[in-house]
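Okay, structure first, notes after.
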Amino acid sequence: MLNVSRLIRLLPLVALMLMAWDAQAQSFRVQCPFGTTLHPAIVANDVTVSLADRPKYSTITDVNRSDGLRNPTAAMANPGIKCQQLSGGDGFASMADGTQTYMFSFGPLSGLKNIVNGLPGTVGAAEFMQNNLDGSGSVLDVVKIGAPDGASYGFNGAIGVVPDVEANNGTGTSNAALTGHVDARLIMDVGVLNGNIPAPMIAIDEGDELFLTLTNVGQVMRPDLFEQHTVHFHGYPNASSFFDGVPDASVAINVGGSFTYYYLAPEAGTYMWHCHISPPEHLQMGMVGQLYVRPRQNTVNPGSSLRAALLADQADLSRKCSSSDILCSTQVPPANGATAAANRKYAYNDGDGTTVYDVEYPMQLMGFDPNFHFVGMTFNPESFADNKDKFFLLNGRSYPDTINPSPLSTQASDGTPHFSQPLNSIVNIPVGGRALLRFSDLNVMEYHTLASLGIPMHVVGLNGRLLRDQDGNNLDYFTNSISLAGGESIDVILDATGLAAGQKFYLYTTQLDHLSNDAENFGGMMTEVNICTTVDSSTKACN
């Protein structure tokens with residue numbers, strides 16, 4: 001029987017979708033240049049072609065250029081440019097006791113291969129700007145899948161990118177450029193009800209330029225809402241308020257629209273990001289995730305002096321970090337700094353190897369009140385007075401789902417499975433190695449405490465800052481537990497020196513009511529730490 005009232009509620013969203021699918025009315029678009037002034041495209045001369053016939057390329061992407069030069073190609077993309085596309089909408093997540101929870105949520109519209117394998121969705125420009133069509137103009141099968149539910153998925157490009165016919169004078173897709181023009185229907189097919197819990201991870205390297213596109217696809221379960229969304233990098237030293245995501249000082253993205261945020265990564269650290277529209281509601285409903293910036297120290301050649309390498313960077317304005325720059329909390333390390341080690345990474349520009357690690361793991365702490373979310377699926381406003389979290393999650397999962405290596409999916413109201421919780425919380429450390437745990441508290445209601453017994457926690461960073469004072473004195477410390485408030489981050493290193501392969505430890509909360517899945521005991525915030533002979537560098541599987 002036709003539900004007339006439900007149909008009436010859906011009409012605004014149906015009208016929006018029809019507008020989005022109309023190429024003449026579409027307002028979705030992505031931006032990801034192959035070259036910029038700060039990171040020019042790498043243009044090499046083709047010596048096989050005579051100088052007179054050699055194509056003349058610019059080092060900067062500009063689709064409206066009038067200087068007779070060609071724009072750089074994907075093969076020329078500067079690796080210092082990173083891109084990501086997100087959907088703002090809704091979705092469902094499965095709690096460990098089987099409860100399905102409705103979410104306002106961000107979902108992945110690029111880097112899906114990475115995300116379904118529990119990795120950040122941020123990719124280089126060449127990988128991001130991939131054609132969604134095959135040679136005959138048909139949509140690629142991997143794009144049609146939309147919500148992959150397995151590790152075999154293999155497409156990392158931005159969903160919706162198709163040749164720009166208008167830029168080709170309307171002469172068809174043959175040889176038409178990929179300018180950021182998208183097929184809005186592909187975006188809607190993939191983005192609707194495809195929210196991730198927590199939001200897709202963002203990871204960049206210090207000095208990168210990040211082009212982050214947010215596309216608001218609407219909320220199918222709440223078609224009566226026309227919620228705007230933004231991206232706010234919480235605690236991130238972003239100098240431009242225009243790209244800060246606070247709506248009264250920047251822009252907000254309406255349903256059916258896209259906006260590309262621009263960030264220059266000034267320094268390393270672990271942060272969180274979230275929607276800044278009605279923050280208490282949108283954060284509690286799930287629109288929150290983790291961001292981290294890897295240090296420039298990772299790119300120093302093995303055996304080279306870390307201090308010398310960082311000093312050399314001062315000549316590059318994109319890398320310069322002087323004592324007069326208020327965005328720089330970490331200066332060049334002292335003259336007796338360490339040398340870089342082969343095949344190892346660092347959490348910060350420490351200069352002495354204090355933050356060296358072999359494998360890294362995000363640990364995102366959050367909790368939900370299912371009653372609040374049920375109300376959020378049916379009407380507004382929700383009441384915060386009675387809000388009490390009953391599910392407590394690590395990376396969007398409660399124990400025992402935290403140690404399930406496979407991506408978790410939830411069947412949404414459209415009848416299809418969506419990989420709502422792709423990220424597990426298993427920590428695998430090679431014998432004699434070190435693991436960096438990037439803790440972010442994404443909760444708006446609770447403090448969280450996590451304990452590690454058997455492997456002390458070496459705390460090296462707090463709230464995106466290396467633990468050093470202004471004179472460079474090391475303030476790191478060892479403990480067996482950490483406590484975080486909402487919005488805080490802590491960088492912890494677990495050292496497996498002296499431990500044997502096969503040993504198992506537990507990372508868990510000491511707050512007993514957080515060790516449950518609502519009424520079900522023995523769940524909540526707990527995961528395993530395994531000592532392995534080796535750890536696979538790509539999958540982080542224990543060998």
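The structure presented is a predicted model; accordingly, all values stated were derived computationally and were not measured. Throughout, numbering of the chain's residues begins at 1 and tracks the sequence.
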(request) Indicate yes or no: at least one non-hydrogen side-chain atom of Ser489 is less than 4.5 angstrom from one of Leu462. (result) no

(message) Ring centroids only, cut at 6.0 angstrom: are Phe211 and Tyr262 within range, meaning strictly under it?
(response) yes

(message) Quick one, Pro108 and Phe419 - any side-chain contact, counting heavy atoms below 4.5 Å?
(response) yes

(request) Taking the six-membered ring for Trp and the full ring for Phe, Tyr or His, determine whether the centres of His373 and Phe368 are under 6.0 Å apart. (result) yes

(request) Would you tell me whether Thr410 and Ser94 have side-chain atoms, one donor and one acceptor, within less than 3.5 Å of each other? (result) yes

(request) Look up atom CD in Glu488 and atom CG in Asn443, then write down how far apart they are to the nearest 0.5 Å. (result) 12.5 Å

(message) Can a donor-acceptor pair be found, under 3.5 Å and without considering hydrogens, that links the side chain of Tyr508 to the backbone of Thr527?
(response) no

(request) Kindly give the heavy-atom pair with the smallest separation between Ile197 and Ser105, and that separation in Å. (result) CD1-CB, 4.0 Å

(request) Please check if any side-chain donor atom of Tyr399 sits under 3.5 Å from a side-chain acceptor atom of Asn517, or the reverse. (result) no

(request) Mind checking the CZ-CG spacing from Phe439 to Leu450? Nearest 0.5 Å is all I need. (result) 5.5 Å

(message) Between His234 and His274 (judged by ring centroids, cut-off 6.0 Å), do the two rings come close enough to count as a pair?
(response) yes

(message) Determine whether a donor-acceptor pair (N or O, by modelled atom type, separation under 3.5 Å) exists between the side chain of Arg29 and the backbone of Ser258.
(response) no

(message) Using side-chain heavy atoms (C-beta onward) and a distance below 4.5 Å, is Phe92 in contact with Leu193?
(response) yes

(message) With a 4.0 Å cut-off on N to O distance, would you call Lys345 and Glu360 a salt bridge?
(response) no

(request) Considering only NZ, NE, NH1 and NH2 on the basic side and carboxylate oxygens on the acidic side, decide whether Asp205 and Lys82 come within less than 4.0 Å. (result) yes

(request) Determine yes or no for a side-chain-to-main-chain donor-acceptor pair under 3.5 angstrom, with Thr402 supplying the side chain and Arg397 the backbone. (result) no

(request) Compare all side-chain heavy atoms of Asn387 with those of Gln284 and state whether any distance is below 4.5 angstrom. (result) yes

(message) Less than 4.0 angstrom from a charged side-chain N to a carboxylate O is my criterion; do Lys390 and Glu520 meet it?
(response) no

(request) Look at the side chain of Asp358 and the backbone N and O of Arg434, then say whether any donor-acceptor pair between them is shorter than 3.5 Å. (result) yes

(request) Drop me the distance from Tyr263's OH to Ile204's CD1, to the nearest 0.5 angstrom. (result) 9.5 Å

(message) Looking at every heavy atom in both Thr270 and Arg438, which two are closest together, and how far apart are they?
(response) OG1-NH1, 2.8 Å

(request) First locate atom CG of Asp183, then atom CE of Met188, and finally report the distance between them rounded to the nearest 0.5 Å. (result) 11.5 Å

(request) Determine yes or no for a side-chain-to-main-chain donor-acceptor pair under 3.5 angstrom, with Asp134 supplying the side chain and Ser138 the backbone. (result) yes

(message) I'd like to know if the side chain of Gln411 pairs up with that of His418 as donor and acceptor (distance under 3.5 Å, no hydrogens or angles considered).
(response) no

(message) Quick check: His229 with His276 (ring centres under 6.0 Å apart)?
(response) no

(message) One thing to verify: whether Asp369 and Lys388 come together as a salt bridge, which I'm taking to mean a side-chain N less than 4.0 angstrom from a carboxylate O.
(response) no

(request) Enter the distance from Leu212:CG to Ile202:CD1 here, rounded to the nearest 0.5 Å. (result) 4.5 Å

(message) Can you confirm whether or not the ring centre of Tyr236 sits under 6.0 Å from the ring centre of Trp273?
(response) no

(message) Any heavy-atom pair between the side chains of Met457 and Ile482 that's under 4.5 Å?
(response) yes

(message) Testing the basics here: between Ile490 and Val459, what is the closest heavy-atom pair and its distance to 0.1 Å?
(response) CG2-CG1, 3.8 Å

(message) Name the residue from Ile187, Val182, Leu109, Thr260 that meets the side chain to side chain contact (heavy atoms under 4.5 Å, CB included) definition with Val30.
(response) Val182

(request) Supply the atom-to-atom distance Leu178 CG to Phe128 CZ, rounded to the nearest 0.5 angstrom. (result) 11.5 Å

(message) Side chains of Asp244 and Ser250: any donor to acceptor distance under 3.5 Å?
(response) no

(message) If we ignore hydrogens and angles and just use 3.5 Å, is the side chain of Gln511 paired with the main-chain N or O of Tyr447 as donor and acceptor?
(response) yes

(request) Compare every heavy atom of Val123 with every heavy atom of Asn114, then report the nearest pair and how far apart it is. (result) ND2-CG1, 3.7 Å

(message) If we ignore hydrogens and angles and just use 3.5 Å, is the side chain of Gln85 paired with the main-chain N or O of Ile159 as donor and acceptor?
(response) yes

(message) Test your reading of the model: is there a side-chain donor-acceptor pair from Gln364 to the backbone of Asn395, 3.5 Å cut-off?
(response) no

(message) Are Val231 and Phe259 packed together at the side-chain level, in the sense that at least one heavy-atom pair is separated by less than 4.5 angstrom?
(response) no

(message) Please check: side-chain N/O of Ser398 versus main-chain N/O of Met95, any donor-acceptor pairing under 3.5 Å?
(response) no

(request) Answer yes or no: is there a donor N or O on one side and an acceptor on the other, between the side chain of Tyr153 and the main chain of Val142, under 3.5 Å? (result) yes

(request) Specify the closest pair of heavy atoms between Pro417 and Ser409, including all atoms of both residues, with the distance to one decimal. (result) CB-OG, 4.0 Å

(request) Mind listing the closest non-hydrogen atom pair of Cys83 and Ile81 along with its distance? (result) SG-CG2, 4.2 Å

(message) Working note: Asn530 + Lys504, criterion side chain to side chain donor-acceptor pair (under 3.5 Å); need CA distance, chi angles, decisive distance, verdict.
(response) CA-CA 5 Å; Asn530 302 304; Lys504 184 184 297 291; 2.6 Å; yes

